[in-house]
**Q** 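Questions regarding the structure given below will be posed in turn.
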Amino acid sequence: MRALGVPLNWLAGWRILMISLWFNQVLPSSVGGDAVRMWLLRQRGVQWSEAVKGVAADRFTALIGLIVLMVAGLPFLLSRVSNPAAILAIGGLTLAGVAGTVVLLTLDRLPKRLIALPAIASFVRFGALVRFLLLQSERRGLLFGSALLIHLVTAAACYTLARGVGAQLSVLDAGILIPPVVLLTAVPISISGWGVREGAMVACLGLAGVPSEEALSVSLLLGAISVIVGLAGGVIWLASPERGSYSADKAARAAEEAPGFALGQGTEVSSHS
């Protein structure tokens, strides 16, 4: 938000983030948490356009960080995994992510007649915003560094959990195979990623020789950790002064009316997932 020129202090940003993590536990994927984040920002006087830009940019910056890690892991994947179908699936997912990112960030290079179309114009503006944040903003190092770090922390947590349940998972395998799990978990078809994460974790860790029951345990424990963090956000929400004026319908309706909200729904991976 500060990179967008919004004077949000660290403690306020952390509180808003924690509250949104609580709502992520009870609503599909993280769309509900995004709506709550935008609503809380609006309660602090942030304009809707800036709130939407901040949440959407957070999503897409984290997605770029995830794709960078998957690209970096491809050579190791090819050398460590012998399953052609798995290599094709993960490689195809990675290449699709790279292509989509490049297209979005360079949309403003298209002919002016195309980028002036209402259906494309909002994506053109968003792509230009993300390109500015990552390439020209004074905080670009912190933005991109945190987008990489959060996924590495998730991989480290999975490695630690795997070792705790007796699974023979190496640090390198965790770094290669957990990013695809994170990407697949972000698909908004379940509550807080439950079910999707478990299937993706079993499939991906199985490529490293981890038995399905141990991979499932890792996923369930990772989900339990997210619930604990979400409960901490719920306690903060209970003490929040905004709680009295909040309703889920009001937040969702306000978010849908905010310009560009559909963009935020298209970039589901979060730097706080």
Side-chain angles (χ1 to χ4, degrees), residues 29-30 59-106 130 134 144-190 192-223 225-226 266-271 273:
S29 187
S30 54
R59 292 278 172 209
F60 200 75
T61 302
L63 176 62
I64 292 175
L66 192 60
I67 292 170
V68 168
L69 291 177
M70 291 173 68
V71 170
L74 271 181
F76 300 99
L77 180 73
L78 293 172
S79 65
R80 300 174 74 85
V81 175
S82 58
N83 187 325
I87 292 174
L88 182 62
I90 296 176
L93 193 63
T94 303
L95 293 177
V98 171
T101 300
V102 171
V103 168
L104 182 64
L105 297 183
T106 58
V130 174
L134 293 179
F144 191 63
S146 63
L148 292 172
L149 180 62
I150 188 64
H151 300 310
L152 292 175
V153 168
T154 301
C158 290
Y159 166 77
T160 303
L161 291 171
R163 301 299 293 185
V165 300
Q168 298 302 308
L169 180 69
S170 70
V171 173
L172 181 58
D173 286 336
I176 296 170
L177 299 171
I178 296 304
V181 173
V182 175
L183 185 58
L184 293 171
T185 301
V187 178
I189 59 174
S190 68
S192 193
W194 287 99
V196 177
R197 178 181 55 244
E198 282 66 48
M201 190 75 76
V202 169
C204 288
L205 295 192
L207 299 175
V210 177
S212 58
E213 60 273 15
E214 293 178 353
L216 179 60
S217 297
V218 170
S219 184
L220 292 174
L221 289 169
L222 185 66
I225 292 172
S226 70
T267 48
E268 279 301 302
V269 181
S270 173
S271 62
S273 59

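Atoms considered below: every heavy atom in the structure, side chains included; atoms not considered: hydrogens, waters and symmetry mates. As the structure is a computational prediction, the values presented were derived from the model and not from experiment.
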**Q** List the steps and the verdict of side chain to side chain contact (heavy atoms under 4.5 Å, CB included) for Leu161 and Val165.
**A** CA-CA 6 Å; Leu161 291 171; Val165 300; 5.8 Å; no

**Q** Between CE of Met201 and OG of Ser212, what distance do you get to the nearest 0.5 Å?
**A**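 Between Met201 CE and Ser212 OG, I get 13.5 Å after rounding to 0.5 Å.
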
**Q** Can you tell me how far the CD1 atom of Ile178 sits from the OG1 atom of Thr154, to the nearest 0.5 Å?
**A**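 Going from CD1 on Ile178 over to OG1 on Thr154, the span is 8.5 Å.
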
**Q** So how far is it from Tyr159 OH to Leu177 CG, rounded to the nearest 0.5 Å?
**A**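 One finds 14.0 Å between OH of Tyr159 and CG of Leu177.
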
**Q** Would you give the length of the straight line joining atom CD1 of Ile150 to atom OG1 of Thr61, rounded to the nearest 0.5 angstrom?
**A**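 Answer rounded to 0.5 Å: 13.5 Å.
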
**Q** Ignoring hydrogens and angles, tell me if any N or O in the side chain of Ser219 forms a donor-acceptor pair with the backbone of Leu216 under 3.5 Å.
**A**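 Answer holds: no.
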
**Q** Minimum heavy-atom separation for Val210 and Ala215, please, with both atom names.
**A**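 Distance-wise, the nearest heavy atoms are CG1-N, 3.8 Å.
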
**Q** List the atom of Ala174, the atom of Leu169, and the distance in Å for their closest heavy-atom pair.
**A**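 Shortest heavy-atom separation between Ala174 and Leu169 comes out as CB-CD2, 4.0 Å.
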
**Q** Going by heavy atoms in the side chains, are Ile225 and Leu221 under 4.5 Å from each other?
**A**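 They are not in contact (no side-chain heavy atoms under 4.5 Å apart), so the answer is no.
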
**Q** Which pair of heavy atoms, one from His151 and one from Gly65, lies closest together, and at what distance?
**A**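 In this case the closest contact between His151 and Gly65 is CD2-C, 4.1 Å.
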
**Q** Test Val130 against Leu104 for side chain to side chain contact (heavy atoms under 4.5 Å, CB included), laying out the working first.
**A** CA-CA 9 Å; Val130 174; Leu104 182 64; 5.6 Å; no

**Q** List the atom of Ile64, the atom of Leu134, and the distance in Å for their closest heavy-atom pair.
**A**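 Scanning both residues completely, I find the closest heavy atoms to be CD1-CD1, 3.4 Å.
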
**Q** Which heavy-atom pair separates Gly223 from Arg197 by the least distance, and what is that distance?
**A**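 Looking at all heavy atoms of both residues, the shortest contact is CA-NH2, 3.3 Å.
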
**Q** Locate the shortest heavy-atom distance separating Pro75 from Ala72; write the atom from each residue and the value.
**A**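 Where Pro75 meets Ala72 most closely, the heavy atoms are CD-O, 3.4 Å.
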
**Q** Going through the checks in order, is the side chain to side chain contact (heavy atoms under 4.5 Å, CB included) test met by Ile176 and Leu207?
**A** CA-CA 11 Å; Ile176 296 170; Leu207 299 175; over 6 Å; no

**Q** Distance check, rounded to the nearest 0.5 Å: Thr101 atom OG1 versus Leu66 atom CG?
**A**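 Result: 10.0 Å between the selected atoms.
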
**Q** With rounding to the nearest 0.5 angstrom, report the SG to CG distance, Cys158 to Leu205.
**A**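 Going from SG on Cys158 over to CG on Leu205, the span is 7.0 Å.
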
**Q** Does any part of the side chain of Leu74, heavy atoms only, come nearer than 4.5 Å to the side chain of Thr94, both counted from C-beta?
**A**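 In contact.
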
